[in-house]
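Step one of this worksheet: look at the structure below.
Note that the structure is a prediction, hence the values are computed from the model and not measured. Each residue takes its place number in the sequence, starting with 1.
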Amino acid sequence: PGSSEIPRAQIESDKIDAYVATHPGEKATHAPLRIRQAMLLLSVHEFNRANAAFAQADSSDLHTPRDQALKRQQDTLVW
């Protein structure tokens, strides 16, 4: 990844963390955001952080087939 991609990814990831922290009761929103965060972090090779984001996405709070599929494939995606 280019040097400008990593800071941008960090900024967006931090926004997700901030949203989750300030909206603790919105678990149905947190899980899809964590999936998106994981994919963002994977795109800039932040594998450990992506794995942590996937781990924070509770499968029972994922309602779209896309998010459910990404969660099921997390071990394959983070290798």
Side-chain angles (χ1 to χ4, degrees):
S3 61
S4 65
E5 294 174 34
I6 293 174
R8 181 68 182 177
Q10 182 63 49
I11 290 167
E12 297 306 321
S13 181
D14 289 348
K15 286 180 184 179
I16 292 172
D17 289 336
Y19 181 88
V20 169
T22 57
H23 298 84
E26 297 182 16
K27 291 186 177 221
T29 303
H30 296 177
L33 284 174
R34 292 299 188 189
I35 295 296
R36 282 151 185 75
Q37 183 179 39
M39 297 307 294
L40 171 68
L41 293 167
L42 283 174
S43 75
V44 292
H45 304 179
E46 292 279 342
F47 301 115
N48 289 335
R49 294 184 64 219
N51 197 42
F54 272 125
Q56 292 178 56
D58 188 334
S59 296
S60 65
D61 292 322
L62 296 172
H63 303 291
T64 67
R66 175 188 171 272
D67 288 346
Q68 293 166 348
L70 289 169
K71 175 68 175 173
R72 282 192 306 271
Q73 296 301 316
Q74 73 183 55
D75 291 337
T76 302
L77 294 167
V78 183
W79 60 273

My understanding is that only residues two or more places apart in sequence, or in another chain, count here; which of them pass side-chain hydrogen bond (donor to acceptor under 3.5 Å, both in side chains) with [X]?
X     : value
Ser60 : Asp58
Asn51 : none
Asp17 : Arg34, Gln37
Arg36 : Asp67

Checklist entry - So do the side chains of Phe54 and Leu77 get within less than 4.5 Å of each other, counting heavy atoms only? => result yes

Checklist entry - Is the closest side-chain heavy-atom distance between Thr64 and Pro32 below 4.5 Å? => result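 In short, these two side chains do not touch, never coming nearer than 4.5 Å.
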
Checklist outcome for this item: Taken in chain and number order and not counting sequence neighbours, the residues that satisfy salt bridge (charged side-chain N to carboxylate O under 4.0 Å, His left out) with Lys15 are Glu12

Checklist entry - side chain to side chain contact (heavy atoms under 4.5 Å, CB included) with Glu26: which residues, sequence neighbours excluded? => result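 Result, side chain to side chain contact (heavy atoms under 4.5 Å, CB included) vs Glu26: Tyr19, His23, Thr29, His30.
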
Gap between atom [atom2] of [Y] and atom [atom1] of [X] - 0.5 Å precision:
X     : Y     : atom1 : atom2 : answer
Ile11 : Leu40 : CD1   : CG    : 11.0 Å
Arg66 : Leu62 : CZ    : CG    : 10.5 Å
Leu70 : Leu42 : CG    : CG    : 9.5 Å

Checklist entry - Is the backbone of Ala9 close enough, under 3.5 Å, to the side chain of Ser13 for a donor and an acceptor to pair up by distance? => result no

Item to check | Stepwise side-chain contact (heavy atoms from CB on, under 4.5 Å) check, Arg49 with Gln10 | outcome: CA-CA 11 Å; Arg49 294 184 64 219; Gln10 182 63 49; 2.8 Å; yes

Next on the checklist: Pairing donors with acceptors under 3.5 angstrom, does anything connect the side chains of Gln74 and Lys71?
Outcome noted: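 Result is yes, a qualifying pair exists.
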
Checklist entry - Between Ala31 and Ala57, what is the shortest heavy-atom contact and its length? => result O-CB, 3.6 Å

Checklist entry - If you take all heavy atoms of Ile16 and Leu33, which pair is closest and at what distance? => result CD1-O, 3.7 Å

